[in-house]
Amino acid sequence: MEIIKHGFEPVYDQNSKVLILGSFPSVKSRKVDFYYGNPRNRFWETVCSFFGESVPSDTQGKKIFALKHGVALWDIVTECEIEGSKDDTIKNFKVADLKKVLQNSKISFIIVNGGKAYEIFLKSYADIDIPYAKLSSTSPANTRFSKEEWFGALSRTFSRT
C-alpha cells in the first residue's frame with residue numbers, strides 16, 4: 001500500500017461547462033503528472049474524438065484542449081492510500097472540495113468516470129444541485145467501456161463537431 005500525499009490540481013477556468021471527475025490518478029498518470037496519462041486509457045481519444053480533434057501529444061496541449069472546449073478535469077479523491085492503480089484499494093482518502101471549481105466556472109453537468117469515483121462522489125455530493133451521471137470507466141481495465149455513452153453525455157452540454 002502506498003500513501004499518496006496528493007493528486008492533481010483541477011484543470012478549469014471561468015468558461016468550463018462540464019466537470020469530469022475521475023477517482024485518483026493511476027501510476028502512469030502520476031508518472032507523467034497529468035490526468036489520464038496511461039496511453040491505453042480511452043479518455044483522451046474519446047473526448048478529442050467527440051470534438052473532432054486529434055489527441056494532443058503533450059500535457060500542455062491537453063490542458064489547452066480541455067480549456068478550449070469547456071472541459072474541467074479533477075479527481076474526487078485528492079489524497080489517499082492506494083495499491084498501484086487499483087481503485088478498489090483506495091482507503092483513508094480525502095474528498096475534493098468541488099466548490100473550488102463550481103463557484104469559479106459555468107459547470108452545468110458533472111460526468112463521473114467509473115464506479116469507484118461515483119461511489120465516493122455520492123457519499124459527499126448526492127444532493128448537489130448540478131445534474132450528474134456515472135459513465136463507464138475509460139480505464140483500459142474496463143471491458144464494458146462505451147464510447148457512445150460518453151458521446152451521449154457530452155452531447156447534453158456540447159454540440160458535436
Side-chain angles (χ1 to χ4, degrees), residues 1-12 16 18-51 53-63 65-67 69-96 98 101 107 109-126 128 131-158 160:
M1 196 62 82
E2 184 178 0
I3 298 173
I4 307 298
K5 296 297 181 198
H6 58 84
F8 304 142
E9 286 296 311
V11 172
Y12 72 102
S16 297
V18 167
L19 172 59
I20 300 176
L21 283 175
S23 54
F24 192 74
S26 69
V27 170
K28 290 185 179 182
S29 293
R30 295 190 303 262
K31 195 172 199 171
V32 300
D33 199 31
F34 197 64
Y35 296 93
Y36 307 103
N38 183 337
R40 292 182 45 233
N41 189 300
R42 302 172 191 101
F43 178 82
W44 288 109
E45 190 280 323
T46 300
V47 175
C48 291
S49 176
F50 175 83
F51 288 105
E53 295 192 26
S54 56
V55 177
S57 60
D58 61 11
T59 296
Q60 189 60 29
K62 290 173 181 173
K63 283 181 187 175
F65 169 87
L67 295 175
H69 291 288
V71 174
L73 303 171
W74 207 5
D75 289 317
I76 192 64
V77 172
T78 59
E79 180 178 321
C80 69
E81 292 178 28
I82 188 170
E83 185 180 315
S85 300
K86 299 176 190 169
D87 278 1
D88 61 345
T89 68
I90 292 173
K91 66 180 188 177
N92 300 323
F93 56 86
K94 291 185 181 176
V95 176
L98 298 185
V101 172
I107 301 296
F109 188 53
I110 298 171
I111 294 174
V112 186
N113 188 353
K116 187 63 171 188
Y118 190 68
E119 173 190 316
I120 295 168
F121 172 82
L122 286 180
K123 286 181 182 176
S124 297
Y125 295 106
I128 197 166
Y132 58 86
K134 171 191 167 201
L135 299 189
S136 57
S137 172
T138 57
S139 166
N142 179 21
T143 59
R144 289 182 246 136
F145 170 74
S146 170
K147 190 174 188 176
E148 293 73 27
E149 175 190 50
W150 274 81
F151 279 19
L154 290 166
S155 293
R156 288 183 60 159
T157 305
F158 305 108
R160 199 152 167 234

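Computed over heavy atoms, backbone and side chain alike; hydrogens, waters and symmetry mates excluded.
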*Decide yes or no for Ile111 and Leu154: does some side-chain heavy atom of the first lie under 4.5 Å from some side-chain heavy atom of the second?*
yes

*Are more than 12 heavy atoms from other residues, nucleotides or ligands located less than 6.0 Å from atom NZ of Lys147?*
yes

*Classify the angle between the aromatic ring planes of Tyr36 and Phe43 as parallel (below 30°), tilted (30 to 60°) or perpendicular (above 60°).*
parallel

_Run the ring pair (Phe, Tyr, Trp, His ring centres under 6.0 Å) test against Phe65 and tell me which residues pass, sequence neighbours left out._
Phe51, His69

*Would you please test Glu45 and Arg42 for salt bridge (Lys or Arg N to Asp or Glu O under 4.0 Å) and show each step?*
CA-CA 6 Å; Glu45 190 280 323; Arg42 302 172 191 101; over 6 Å; no

*Parallel, tilted or perpendicular: ring planes of Tyr118 versus Tyr132, cut at 30 and 60 degrees*: tilted

_Could you walk me through whether Tyr125 and Ile110 satisfy the side chain to side chain contact (heavy atoms under 4.5 Å, CB included) test, starting with their C-alpha distance in whole Å, then the side-chain angles of each, then the deciding distance to 0.1 Å, before giving a yes or no?_
CA-CA 11 Å; Tyr125 295 106; Ile110 298 171; over 6 Å; no

*Find the distance between CG (Asp33) and CD (Glu9) and round it off to the nearest 0.5 Å.*
10.5 Å

*Does Leu21 reach the side chain of Leu98, with side-chain heavy atoms less than 4.5 Å apart?*
yes

_Value rounded to 0.5 Å, distance of CZ in Phe109 from CD1 in Ile20_ = 9.5 Å

*Any side-chain heavy atom of Ile107 sitting closer than 4.5 Å to one from Ser16?*
yes

*asked:* Checking Ser124 now: which residues fulfil side-chain contact (heavy atoms from CB on, under 4.5 Å) with it, not counting sequence neighbours?
replied: Val95

_Residues which pass side-chain contact (heavy atoms from CB on, under 4.5 Å) with Ser136, listed by chain and number, not counting sequence neighbours_ = Asn142, Phe145, Ser146, Glu149, Trp150

*For Ser29, what residues pass the side chain to side chain donor-acceptor pair (under 3.5 Å) criterion, not counting sequence neighbours?*
Ser26

*Are any of the side-chain heavy atoms of Trp44 and Pro39 separated by less than 4.5 Å?*
no

*Could you pull out all residues at least two apart from Lys94 that satisfy salt bridge (charged side-chain N to carboxylate O under 4.0 Å, His left out)?*
Glu79

_A side-chain contact here means heavy atoms from C-beta on lying under 4.5 Å apart; do Phe93 and Ile76 qualify?_
no

*asked:* If the condition is side chain to side chain donor-acceptor pair (under 3.5 Å), which residues does Tyr12 pass it with, not counting sequence neighbours?
replied: none

*Report the distance from atom NZ of Lys134 to atom CZ of Phe121, rounding to the nearest 0.5 Å.*
13.0 Å

*Rounded to the nearest 0.5 Å, what's the gap from CG on Asn113 to OH on Tyr35? Could you check?*
12.0 Å

